[in-house]
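We count ligands from 1, going down the list as the structure has it; atoms in each ligand are counted the same way.
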Amino acid sequence: MKRKVALTVNGTRREDEVEPRQLLVHYLRDTAGLTGTHIGCDTSQCGACTVLIDGKAVKSCTMFAVQAQDANVQTIEGLANGDQLHPLQQAFWDNHGLQCGYCTPGFIMAGVYLLSQNPNPTDDEIRKGLEGNLCRCTGYVNIIKSVKAAAAAMGGTGAATSGATVAAGGE
Ligand code: FES
Ligand code: FES
């Protein structure tokens, strides 16, 4: 029997009928149509499905959609401000932080959370902050470089200067 779930996704309030066993990642992709959140493993190891829930990075394959009741969910689609990329998206672009791009949304969402907690991370802190995310093709050097570049672009405040919505439960 389906159950109703009401939550906010990228600033938009939604109410949907879902199977109680539906994972949040499937809800985001199949019900909300937000296919930027990827599924890399379904066993909570790769981090491709990372989104922000009430400002915190969460692997969306590790919870049911109904558990997001009343939560504020932000996906990769909610980061840019119109045509203006979020500084982390721009930094991944500028620093070749991706190759196939499959893992990228998860890395960027985990990176947004990392910078919201630690606006000026060292290389080691970035490695630690992103240790739940796996990339099979870029290698991690350019990913770390991208996060550092974004930190500099954001002025070491953890807040985007573009006016784009950022972490911490952003609408
Ligand atoms: Fe969620 Fe891999 S799909 S951690
Ligand atoms: Fe291909 Fe990371 S860019 S898996």
Side-chain angles (χ1 to χ4, degrees), residues 3 5 7-10 14 16 18-69 71-80 85-118 121 123-151 153 164 167-170:
R3 281 186 42 191
V5 63
L7 68 166
T8 302
V9 182
N10 296 333
R14 301 183 54 101
D16 295 288
V18 299
E19 293 287 346
R21 63 188 159 82
Q22 186 181 38
L23 295 176
L24 179 61
V25 66
H26 292 136
Y27 168 80
L28 291 171
R29 290 177 57 84
D30 301 338
T31 305
L34 297 168
T35 54
T37 301
H38 292 165
I39 303 168
C41 66
D42 247 351
T43 52
S44 72
Q45 297 184 50
C46 75
C49 63
T50 304
V51 299
L52 299 183
I53 299 186
D54 296 329
K56 285 192 73 171
V58 173
K59 293 177 179 177
S60 60
C61 75
T62 62
M63 61 184 278
F64 297 115
V66 290
Q67 291 177 294
Q69 174 68 31
N72 194 337
V73 179
Q74 192 174 19
T75 70
I76 190 74
E77 288 92 343
L79 276 191
L85 294 177
H86 182 281
L88 252 174
Q89 293 173 305
Q90 188 64 50
F92 269 70
W93 177 283
D94 293 340
N95 294 279
H96 309 288
L98 59 123
Q99 205 169 79
C100 79
Y102 200 83
C103 68
T104 312
F107 267 101
I108 289 180
M109 298 315 287
V112 168
Y113 177 65
L114 169 67
L115 293 181
S116 75
Q117 301 300 300
N118 180 357
D123 287 14
D124 277 352
E125 288 169 338
I126 295 171
R127 279 192 200 96
K128 180 116 186 81
L130 300 182
E131 68 186 1
N133 294 69
L134 302 177
C135 175
R136 290 190 301 182
C137 58
T138 304
Y140 298 94
V141 173
N142 285 355
I143 291 175
I144 291 166
K145 210 163 129 188
S146 302
V147 175
K148 287 204 94 153

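For the side-chain contact (heavy atoms from CB on, under 4.5 Å) with Y140, the qualifying choice from I126, L134, D123, N133 is L134, the only one to do so. Remark: of the listed residues N10, I53, D54, V51, N10 is the sole one forming a side-chain contact (heavy atoms from CB on, under 4.5 Å) with Q74.
Scored by the side-chain hydrogen bond (donor to acceptor under 3.5 Å, both in side chains) test, D16 finds R14, Y27 as partners (sequence neighbours excluded).
For ligand 1 and G47, the ligand atoms under 4.0 Å from any heavy atom of the residue are 2 (Fe), 4 (S). Which parts of ligand 1 touch S44 is read off a 4.0 Å heavy-atom cut-off, strictly below it: atoms 4 (S). Close contacts between ligand 1 and G40 involve ligand atoms 3 (S) [criterion: under 4.0 Å to a heavy atom]. Which parts of ligand 1 touch Q45 is read off a 4.0 Å heavy-atom cut-off, strictly below it: atoms 4 (S).
When all heavy atoms of T37 and I76 are compared, the closest pair comes out as N-CG2, 4.4 Å.
When atom types are taken as modelled, the side chain of H38 and the backbone of A48 share no donor-acceptor pair closer than 3.5 angstrom.
Around atom 2 (Fe) of ligand 2, the protein contributes the following N, O or S atoms under 2.8 Å, ordered by chain and number: C103 SG, C135 SG.
One side chain, E125 or N118, offers a donor N or O that lies under 3.5 Å from an acceptor on the other.
Of the inter-residue distances, the one linking F64 atom CZ with R21 atom CZ reads 10.0 Å to the nearest 0.5 angstrom.
Using a 4.5 Å cut-off on side-chain heavy atoms (C-beta onward), L52 and V112 make contact. Within the 4.5 Å cutoff, no side-chain heavy atoms of H86 are placed close to those of I108.
Atom 2 (Fe) of ligand 1 has its nearest heavy-atom neighbour, among C41, C61, C49, in C41.
When heavy-atom distances to ligand 1 are checked against a 4.0 Å cut-off, C46 comes that close through both its backbone and its side chain.
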